[in-house]
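Remember, predicted model here, so these are calculated numbers, not experimental data. The first residue in the sequence is number 1, and the count goes up from there.
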Amino acid sequence: MANLIERQITLDGQRNVAVKWSGVLDSAFTLTPALAVGDCVYNDPMNKLVGFRVLKALWSISQGLEINITWNGATPQLAFPVAGRGKFNMCHSGGFTPDQTRPGFDGALNLTAAGYPAGTSGNFTIILDLIKLYKPR
């Protein structure tokens with residue numbers, strides 16, 4: 001079996017975007033980009049979409065598998081790692097925001113498997129609620 005990874009954008013508005021990734025894995029993977037700014041259609045027409053702020057997350061991941069969520073760039077910046085089962089809600093503190101000044105930053109989010117035990121299979125589901133980041137045109 002080869003890795004099977006699917007993405008579903010469940011909300012795409014001018015301010016918010018929600019995305020779900022599900023995967024069944026038999027080997028390590030890197031999904032770059034897992035969500036690019038060009039994947040969003042319903043954006044603020046007066047501004048340029050430049051990235052995403054992570055507001056909420058919900059995940060369920062097989063034992064032994066870890067997923068790193070990063071913002072894309074010359075050196076990707078870690079948004080946060082996830083393993084096991086969990087959730088967080090950063091609504092009251094503003095969420096996780098990327099450093100847009102880093103070299104090569106393009107606003108995309110990446111997923112990378114870490115700690116993957118060779119010769120095993122695993123699965124994951126990750127759901128993110130994101131706020132769109134804009135710059136004036």
Q: Please answer: with hydrophobic residues joined when any side-chain heavy atoms are less than 4.5 Å apart, are L111 and I5 in the same cluster?
A: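 Result: yes, single cluster for both.
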Q: Starting at OG of S22, measure out to CG of N123 and round the result to the nearest 0.5 Å.
A: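 S22 atom OG to N123 atom CG measures 9.0 Å (nearest 0.5 Å).
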Q: Could you please spell out the steps behind the side chain to side chain contact (heavy atoms under 4.5 Å, CB included) verdict for Y134 and M46?
A: CA-CA 9 Å; Y134 293 101; M46 302 301 291; over 6 Å; no
Q: Could you walk me through whether M90 and V54 pass side chain to side chain contact (heavy atoms under 4.5 Å, CB included), step by step?
A: CA-CA 8 Å; M90 301 291 291; V54 181; over 6 Å; no
Q: Please report the shortest heavy-atom distance between A28 and A113, naming the atom on each side.
A: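 Closest pair (atom of A28, atom of A113, distance): CA-CB, 4.4 Å.
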Q: Minimum heavy-atom separation for K20 to T125, with atom names?
A: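 It is CG-CG2, 4.1 Å.
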Q: The test is salt bridge (Lys or Arg N to Asp or Glu O under 4.0 Å); show your working for D44 and K132 and say whether it passes.
A: CA-CA 9 Å; D44 181 347; K132 293 180 176 180; over 6 Å; no
Q: Any chance you could measure F80, atom CZ, to I67, atom CD1, to the nearest 0.5 Å?
A: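 With rounding to 0.5 Å, CZ (F80) is 11.0 Å from CD1 (I67).
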Q: With hydrophobic residues grouped by side-chain heavy-atom distances under 4.5 Å, do I127 and I69 end up in a single group?
A: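 No, no single cluster joins them.
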Q: Rounded at 0.5 Å granularity, tell me how far CG in L109 sits from CH2 in W21.
A: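 Result: 5.5 Å between the selected atoms.
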Q: Can you give me the closest heavy-atom contact between I9 and D39, atom names plus distance?
A: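 So the two residues come closest at CD1-O, 3.8 Å.
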Q: For the atom pair CG (L35) and CG (L128), what is the distance rounded to the nearest 0.5 Å?
A: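 Interatomic distance, L35 CG to L128 CG, rounded to 0.5 Å: 8.5 Å.
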Q: V24 and S121: side chain to side chain contact (heavy atoms under 4.5 Å, CB included), yes or no, with the steps?
A: CA-CA 7 Å; V24 178; S121 62; 5.6 Å; no
Q: Could you report the tightest heavy-atom contact between N89 and K56, atom names first, then the distance?
A: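 N89 and K56 have their closest heavy atoms at ND2-CE, 3.7 Å.
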Q: Would you compute the distance between atom CG of N16 and atom CG of L130 and round it to the nearest 0.5 angstrom?
A: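 Reported to 0.5 Å precision, the distance equals 9.0 Å.
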Q: Work out which heavy atom in A83 is nearest to a heavy atom in L65; give both atom names and the distance.
A: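 For A83 and L65, the tightest heavy-atom pair comes out as CB-O, 3.9 Å.
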Q: Using a 3.5 Å distance criterion without hydrogens, assess whether the side chain of R53 forms a donor-acceptor pair with backbone atoms of F96.
A: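 Such a contact is absent between R53 side chain and F96 backbone.
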Q: Evaluate the side-chain proximity of V82 to F88: yes if any heavy-atom separation is below 4.5 Å, no if none is.
A: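 No, their side chains stay 4.5 Å or more apart.
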Q: Where do R85 and I61 come nearest, in terms of heavy atoms and distance?
A: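 Closest approach of R85 to I61, heavy atoms only: NH1-O, 3.5 Å.
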Q: Compute whether any side-chain donor of one residue and acceptor of the other, for N110 and T30, lie under 3.5 angstrom apart.
A: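 No - no donor-acceptor pair under 3.5 Å links their side chains.
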Q: With rounding to the nearest 0.5 Å, note down the distance linking CZ in R102 to CG in N72.
A: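 Between R102 CZ and N72 CG, I get 12.0 Å after rounding to 0.5 Å.
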Q: Report yes if some heavy atom in the side chain of P98 is under 4.5 Å from a heavy atom in the side chain of L133; otherwise report no.
A: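 SC-SC contact between P98 and L133 confirmed.
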Q: Go through the steps for V37 and F52 under the test side chain to side chain contact (heavy atoms under 4.5 Å, CB included), then give the verdict.
A: CA-CA 8 Å; V37 295; F52 307 99; 4.1 Å; yes
